[in-house]
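A quick write-up on the structure given underneath.
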Protein chains: 2
Amino acid sequence: MKLSQGVEWGLHCTSLLAQAPADRPIRRDVLAGHYGLPDAYLAKHLQALTRAGVLHALPGPRGGYRLARSPERITVLDVVEAIEGSTSAFVCQEIRQRGTGAVSPDQCSNPCAIRSVMDQADAAWRDSLRGVTVADLVDRLPPGVRERNADLLAAAGG
Amino acid sequence: MKLSQGVEWGLHCTSLLAQAPADRPIRRDVLAGHYGLPDAYLAKHLQALTRAGVLHALPGPRGGYRLARSPERITVLDVVEAIEGSTSAFVCQEIRQRGTGAVSPDQCSNPCAIRSVMDQADAAWRDSLRGVTVADLVDRLPPGVRERNADLLAAAGG
DNA sequence: CGTATCCCGGATATCTATTATCCGCGATGT
DNA sequence: ACATCGCGGATAATAGATATCCGGGATACG
């Protein structure tokens, strides 16, 4: 079980966009260069974030990406689900209904206890991620980093 | 992000072993047949559970598997970590230290906020799984299933 | 003591998902 | 009109999960 690295990329990029002036979109290659990421592949994840309504993409010259809403209203879960999907990591294959010990379908109207437990843990995981916003992530940056990022983004935009 | 199906297999098998008489081990092919699983591949997961100290394997004729301790003392997390490992699903690649926006290593003595949030969510997931035992899973079986499993296991053992 | 049974560990093959890149298309601002 | 930039599809390469097989060692039974 491993999370896509796109989750890390997406969280860093949305955090960085939260530090940019709202009126000026950031180009994709600037985002990629800022973190040393492959530009073409990062595009896939940014597109996913755009489709999910987390980012807003502006085509054309002086185009780029900006947040679709304020950082206080974007949760970490929003970013994670945009990239990883919202389906539970545990996929129940109903093996209780297979083999010599197969339980009759009548007794399977309720999900089995194993599935319930795994789904409940998945919900706890998502609840935890829903409790943190992108604004919180920016607040927890080491001192000086925000200012430096603002300068770098301004230089790239000019 | 997907959990190995071995987790489902392991949880069902440990639950089934909890329903067997403690003095008689259950052969691997009986476990596989009970749920319609490939015997050879199930062996890999049962070996992992044995190495983790969840199951106890007895070689030789009349050998097989039994629980290494009482079902009340085996948590769902024990089984999950035996098969999936105990490392967090999120692997931080420290991209904050790469690219044009690289943060100096001096400022990276603390883990970044993104990693902290993901690790905290992972802890919440594990805490949830730690709160349920194999005995709880058996208690939540539909009425009649326990008795039928006991009969099947007795027939297979005789 | 010999033999049959059963688990262990390594080697191997297949399949799927992730990672990564490229190119044509459409949209936008100058 | 033209250059810039994001969108989406097609395509490889790589890693991990899935599945199988076989030799070796341990144990029970005759």
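These figures come from a predicted structure and were not determined experimentally. In what follows, chains carry the letters A, B, and so on, assigned in the order in which the sequence lines appear, proteins first and then strands, with residues in each chain numbered from 1.
Chain B approaches DNA chain D over the interval dT18(D) to dC29(D), counting the first and last nucleotide 5' to 3' with an atom under 4.0 Å from its heavy atoms.
Under the rule for a side chain to side chain donor-acceptor pair (under 3.5 Å), the partners of Glu72(A) that lie at least two apart in sequence or sit in another chain are Ser70(A). Applying the ring-ring contact (aromatic ring centres under 6.0 Å, His included) criterion to His34(A), with sequence neighbours excluded, gives no partner residue. For Trp125(A), the ring-ring contact (aromatic ring centres under 6.0 Å, His included) test picks out no residue, with sequence neighbours left out. Scored by the salt bridge (Lys or Arg N to Asp or Glu O under 4.0 Å) test, Glu94(A) finds Arg96(A) as partners (sequence neighbours excluded). Scored by the ring-ring contact (aromatic ring centres under 6.0 Å, His included) test, His45(B) finds Trp9(B), Tyr41(B) as partners (sequence neighbours excluded).
Across all their heavy atoms, Thr14(B) and Leu67(B) have their closest contact at O-CD2, 3.8 Å.
Sorted pairs that involve residues 141-150 of chain A and meet salt bridge (charged side-chain N to carboxylate O under 4.0 Å, His left out), not counting sequence neighbours, are lacking altogether. Note on residues 42-66 of chain A: no pairs pass salt bridge (charged side-chain N to carboxylate O under 4.0 Å, His left out), not counting sequence neighbours.
With hydrogens and angles ignored, the 3.5 Å screen pairs no side-chain donor or acceptor of Tyr65(B) with any backbone N or O of Pro25(B).
Nearer to the 5' terminus of DNA chain D, by closest-nucleotide assignment, is the contact made by Arg62(A) (compared with the other of Arg62(A) and Arg51(A)). In terms of position along DNA chain D, the nucleotide closest to Arg28(A) lies nearer the 5' end than the nucleotide closest to the other residue of the pair Lys2(A) and Arg28(A).
The side chain of Pro61(A) lies closest to dG29(C) when the candidates are dG29(C), dC7(C), dC8(C).
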What are the atom names and distances for every N/O pair under 3.5 Å that joins the protein to nucleotides 20-26 of chain C?
residue: dA20(C); atom: OP2; partner: Gln5(A); partner atom: NE2; Å: 2.4

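As judged by a 4.0 angstrom heavy-atom cut-off over every strand, Leu58(B) is placed among residues touching the sugar-phosphate backbone only. In this structure, Gly64(A) reaches the sugar-phosphate backbone alone: every heavy-atom distance under 4.0 Å involves primed, P, OP1 or OP2 atoms, never a base.
With rounding to whole Å, Tyr65(A) atom OH is found 13 Å from dA27(C) atom C1'. In this structure, the CG atom of Leu46(B) is 13 Å from the C1' atom of dC6(C), given to the nearest Å. Rounding to whole angstrom units, CG of residue Asp29(B) and P of dT5(C) are separated by 12 Å. Ile26(B) has its CD1 atom 15 Å from the C1' atom of dC7(C), to the nearest Å.
One end of the helix from dC1(C)-dG30(D) to dT30(C)-dA1(D) points its axis 20° away from the other end's axis, with each axis taken from 5 pairs and the angle rounded to 10°.
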In residues 76-90 of chain B, what donor-acceptor pairs under 3.5 Å come from side-chain atoms, sequence neighbours left out?
residue: Asp78(B); atom: OD1; partner: Thr75(B); partner atom: OG1; Å: 3.4
residue: Asp78(B); atom: OD2; partner: Arg69(B); partner atom: NH2; Å: 3.1
residue: Asp78(B); atom: OD2; partner: Thr75(B); partner atom: N; Å: 2.9
residue: Asp78(B); atom: OD2; partner: Thr75(B); partner atom: OG1; Å: 3.2
residue: Glu81(B); atom: OE2; partner: Arg126(B); partner atom: NE; Å: 2.7
residue: Glu84(B); atom: OE1; partner: Met1(A); partner atom: N; Å: 2.7
residue: Glu84(B); atom: OE2; partner: Ser4(B); partner atom: N; Å: 2.6
residue: Ser88(B); atom: OG; partner: Phe90(B); partner atom: N; Å: 3.2

List the atom pairs, with distances to 0.1 Å, where a side-chain N or O of residues 127-142 of chain B and a protein N or O form a donor-acceptor pair under 3.5 Å, not counting sequence neighbours.
residue: Asp127(B); atom: OD1; partner: Arg130(B); partner atom: NH2; Å: 2.6
residue: Thr133(B); atom: OG1; partner: Ala135(B); partner atom: N; Å: 3.3
residue: Thr133(B); atom: OG1; partner: Asp136(B); partner atom: N; Å: 3.2
residue: Thr133(B); atom: OG1; partner: Asp136(B); partner atom: OD2; Å: 3.2
residue: Asp136(B); atom: OD2; partner: Thr133(B); partner atom: N; Å: 3.0

